[in-house]
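Owing to the predicted nature of the structure, the values given are computational and were not obtained by experimental measurement.
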Amino acid sequence: MASWFLKSTRSSSIRGVIRKLPMAFSGECTAVGIVRRRFGSMEAGQKLDPCGSSEEEDYSDNIAYQNQDLNFPGGKVPLTSQMKFISEASHKRLPCYRVLNDDGSLISNTIHEQVGEDVAVNMYSAMVTLKTMDTLLYEAQRQGRISFYMTSFGEEAVNIASAAALSPQDFVLPQYREAGVLLWRGFTVQECTNQCFGNKDDKGKGRQMPVHYGSNKHNVITISSPLATQISQAAGVAYSLKMDKRGACAVAFTGDGGTSEGDFHAGLNFAAVMEAPVIFICRNNGWAISTPVHEQFRSDGVVAKGLGYGIRSIRVDGNDVIAVYSAIGAARNMAINEGRPILVEAMTYRVGHHSTSDDSTKYRPMNEIEYWKTARNPISIFKKYIERYGWWSEDKESELARNVKKQVLEAIKTAEGMEKPALTEMFTDVYDQMPPNLYEQERSIRDSMKKYPKDYPIDLHV
């Protein structure tokens, strides 16, 4: 049981009686109290300044309670006889870090990471590749050639710029719009299409839905359909990296809808308490399928949530490649070198439908979609940037578009013509020794296939 103490230099003013006091603190004071922690006992908190200088606090003019504080296990908390509730929201929204204007020019006096020609051109090429792959695989689904697909239209900068700022040794736990992260790390277009078609070369052996990529080779944990589970998992991965002194961090991606799940809060709290080197990247694209952000939470977006868990946070323009690259690079340095979690809210927009099962025109206006598709297109903005430096031209653009389209079409043709995984793959990789019930299930399926051969795909490899 926690013990409560009053420390006072004016004991006569309260005449030995400890009364119950209504205690509430200003937002600024609370922020400091949340971030500061103690380990083991109350003694560790003695070095903490309860809430900054007294001249900044409303309780400082309450003479009877000057120099008094609550000596709580989490650290000293100043007392006040004034009943003040923490405001539910600031009158001003938290700012969004941006480096590039929409015309591709640099905003003056910005602090950002310098990007050379090779990295810039590679990032742009990867963004174009991602968009082309999304376009053609989306069309393949509409043609009935694959069962499902999800695009990253409008969010290419978050994908590619964040991946470029990380190290290959960092572990990535994606949601389902991070195909660009895999492409940047060397996962090929062919491997992506193999997974979507679920053929015998699919690393997931045809067991996953399309766009549920993963790669041990590239330190990318396989995507899973349940929402936000990767967030709490990332905290655990990061803690393991810290314990092993690997000099790497974990990176969890989620959408704004994922922050409404319990795993988000559990993951952030665990990471903060254990000082795990993890970067939580939220793609706030405005919509959780058909639910707009203002119907999800009353807080100032997602970045404000970091304060409640004692996590350093930043809001960044998710359609600005240089801003994302700079912010994630800085976040990675802090996560590893300071041993702390970082929350990044990337303000972007989902230009495409949520998935091939969705029609977003039913719940949002076309002019809103068109604005983000044209005026705030991250690929177009970055193209203007590299053109300003003479790193890009229309000839290079035409060549890139032609080569990438050819590459994706050939990958689709190859993946589609490949046979499916063997039937036995449905039952392996779960137990070291297959139990009797799985043997029985396999036998039952084989008997059914023999009895009703027309009900099963002719390319099913048994």
- Item | Ionic contact status for Arg350 with Asp256, cut-off 4.0 Å | no

- Nearest heavy atoms of Tyr149 and Cys196, plus distance in Å: CE1-SG, 3.8 Å

- Item | Any Glu139 side-chain heavy atom under 4.5 Å of Arg145 side chain | no

- Task: Specify the closest pair of heavy atoms between Ser313 and Val303, including all atoms of both residues, with the distance to one decimal.
- Result: CB-CG2, 3.6 Å

- Message: Any heavy-atom pair between the side chains of Leu130 and Asn159 that's under 4.5 Å?
- Response: yes

- Task: Can you see which heavy atom on Phe297 is nearest to which on Ser260, and at what distance?
- Result: CD2-OG, 4.2 Å

- Message: Checking Lys384 against Asp102 for the salt bridge (Lys or Arg N to Asp or Glu O under 4.0 Å) test, could you report, in this order, the C-alpha distance in whole Å, the side-chain angles of both residues, the deciding distance, and whether it holds?
- Response: CA-CA 9 Å; Lys384 294 172 185 176; Asp102 290 348; over 6 Å; no

- Query: Is the NZ or CZ atom of Lys420 positioned over Phe197's six-membered ring, under 6.0 angstrom from the centre and within 45° of the axis?
  - Reply: no

- Query: Rounded to the nearest 0.5 Å, what separation is found between the OG atom of Ser90 and the CG atom of Leu307?
  - Reply: 11.0 Å

- Does a side-chain heavy-atom distance below 4.5 Å link Asn403 with Glu399? yes

- Task: Determine whether Val251 and Leu173 make a side-chain contact, defined as any pair of heavy atoms from C-beta on separated by less than 4.5 Å.
- Result: no

- Query: Considering only heavy atoms from C-beta outward, does the side chain of Gln169 approach that of Arg246 to under 4.5 Å?
  - Reply: no

- Task: Taking the side chain as every heavy atom from C-beta outward, state whether Phe171 and Cys249 have any pair of such atoms under 4.5 Å apart.
- Result: no

- Query: What about the rings of Tyr363 and Trp287, do their centers lie closer together than 6.0 Å?
  - Reply: yes

- Task: Kindly give the heavy-atom pair with the smallest separation between Pro435 and Tyr431, and that separation in Å.
- Result: CD-CD1, 3.5 Å

- What is the minimum heavy-atom distance between Thr110 and Arg98, and which atoms define it? CG2-O, 3.9 Å

- Under 6.0 Å between the ring centres of Tyr389 and Tyr385? yes

- Item | SB check Arg312 Glu338 (cutoff 4.0 Å) | yes

- Asp134 side chain to Ser152 backbone, donor-acceptor under 3.5 Å: yes

- Query: Under 3.5 Å, is there a donor-acceptor pair between the side chain of Asp358 and the main chain of His354?
  - Reply: yes

- Message: Using the salt bridge (Lys or Arg N to Asp or Glu O under 4.0 Å) criterion, which residues pair with Arg298? Sequence neighbours excluded.
- Response: none

- Query: Would you call Val351 and Tyr349 a side-chain contact if the rule is heavy atoms closer than 4.5 Å?
  - Reply: yes

- Does the side chain of Arg207 come within less than 4.5 Å of Glu425's, by heavy atoms? yes

